[in-house]
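The block underneath contains the structure these notes are about, expressed in structure tokens.
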Protein chains: 2
Amino acid sequence: MVTNQLNGTFDETDLRRADSLAREVFSDVANKWALLIIEALGDDTRRFTELRQEVEGISHKMLTQNLRMLERNGLVERTVHPTVPPRVDYTLTEAGLALRKTVDWMCDWTHRYFTHIETSRSRFDAR
Amino acid sequence: MVTNQLNGTFDETDLRRADSLAREVFSDVANKWALLIIEALGDDTRRFTELRQEVEGISHKMLTQNLRMLERNGLVERTVHPTVPPRVDYTLTEAGLALRKTVDWMCDWTHRYFTHIETSRSRFDAR
DNA sequence: CCGTATCCGTCTGGATACTG
DNA sequence: CAGTATCCAGACGGATACGG
């Protein structure tokens, strides 16, 4: 489980609280769109429509939904400019940036094991 | 996008192939159950039923499904012992172990930003 | 013990239309 | 431009049963 990384600075109930939260956040964040959005945000500030273009194949609905979720968990900051037409900027918070590092590593991994994956797939599919 | 990590040792078509594969693998792997299974496997060898217990809440079906997927992508090795009753062992491959490191980091992250996330959530939910 | 197949409700997620 | 609401097809995922 996700809790075997916990160090022992909490008491019993805190531990259980941390546990269930960790599990919740993990379920929230460990999904395709969320991670792709985080990756797309990078170090910059992005507008809604920019993100929509950069995260290929994402629908309007999924984008708002995931952005709300990321905002709720404190990974993304949303700033609304009261102009006409409205302009909304999204930026990664410090926590978001930290998580992005791990997403970067996942991307690295994908490319490092590119060949391995490809051959393993065709070997598997050959049955 | 996931491709901005590519270094230039491929030609045009290879690049596009690597791109779409990366995207595919990313979609496969970036899901709750897959990551929890990888985390549960750890450095050891696990049997089907052991995994079923360790990954809390996973159903029989989801476990087999994800294990097949991980096997196909070369993250998990499956060895069948021809005994009665049958015994099947699952182990992370080198690629799997490498990916597990990033999952570990994600878990670390969850705990490091525990407080931040919690306060951000209650702040958000207060509206 | 491990795996596959089937059934069937639930939820996801896309398309569309409408507000500020 | 950004966001919300509604509708609905199709995928997901759990329960169950059966086979090796």
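As a basis for the values below, the full set of heavy atoms in this structure was taken, side chains included, without hydrogen atoms, waters or symmetry mates. Lettering follows sequence order; numbering is per chain, from 1.
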Is there a path of hydrophobic side-chain contacts, each under 4.5 Å between heavy atoms of I, L, V, M, F, W or Y residues, that connects L36(A) with W105(B)?
no
Candidate list D44(B), D43(B), T45(B), test side chain to side chain donor-acceptor pair (under 3.5 Å), partner T91(B), passing option
T45(B)
Which nucleotide, dG14(D), dG3(C), dC1(C), lies nearest any side-chain atom of S59(B)?
dG14(D)
Out of dG20(C), dG3(D), dG14(C), minimum distance to the side chain of V88(A) belongs to dG3(D)
base_contact_polar (dG3(D) base, H60(A) side chain, donor-acceptor, <3.5 Å)
yes
Just the rounded figure in Å: distance from P of dC1(C) to CZ of R78(B).
16 Å
Donor-acceptor contacts under 3.5 Å from residues 60-69 of chain A side chains, at least two apart:
from, atom 1, to, atom 2, distance (Å)
T64(A), OG1, H60(A), O, 3.0
T64(A), OG1, K61(A), O, 2.9
N66(A), ND2, M62(A), O, 2.8

Between K61(B) (NZ) and dG9(C) (C1'), how many Å, whole number?
12 Å
Select from P86(A) and G57(A) the residue whose nearest nucleotide in DNA chain C is closer to the 5' end of that strand.
G57(A)
It should be established whether Y90(A) places a side-chain nitrogen or oxygen under 4.0 Å from OP1 or OP2 of nucleotide dC1(D).
no
K32(A) NZ to dT12(C) P: how many Å, rounded?
15 Å
If the cut-off is 4.0 Å, is R52(A) near the phosphate of dC1(D), judged by side-chain N/O to OP1 or OP2?
no
Report the distance from atom CD of Q65(A) to atom P of dT12(C), rounded to the nearest whole Å.
8 Å
Any chance the side chains of E71(A) and Y90(A) put a donor and an acceptor closer than 3.5 Å?
no
Distance to the ring centre below 6.0 angstrom and angle to the axis at most 45 degrees; does that hold for R52(B) and F48(B)?
no
Whole angstrom is fine here: how far is it from CE in M62(B) over to C1' in dT4(C)?
13 Å
What is the distance, rounded to the nearest whole Å, between atom CG of N66(A) and atom P of dG14(C)?
10 Å
L63(B) CG - dT4(C) C1' separation (whole Å):
14 Å
In whole angstroms, the gap separating P of dG13(D) from CD1 of I37(B) amounts to 11 Å
First of T64(A) and P85(A) reached from the 5' end of DNA chain D, by closest nucleotide:
P85(A)
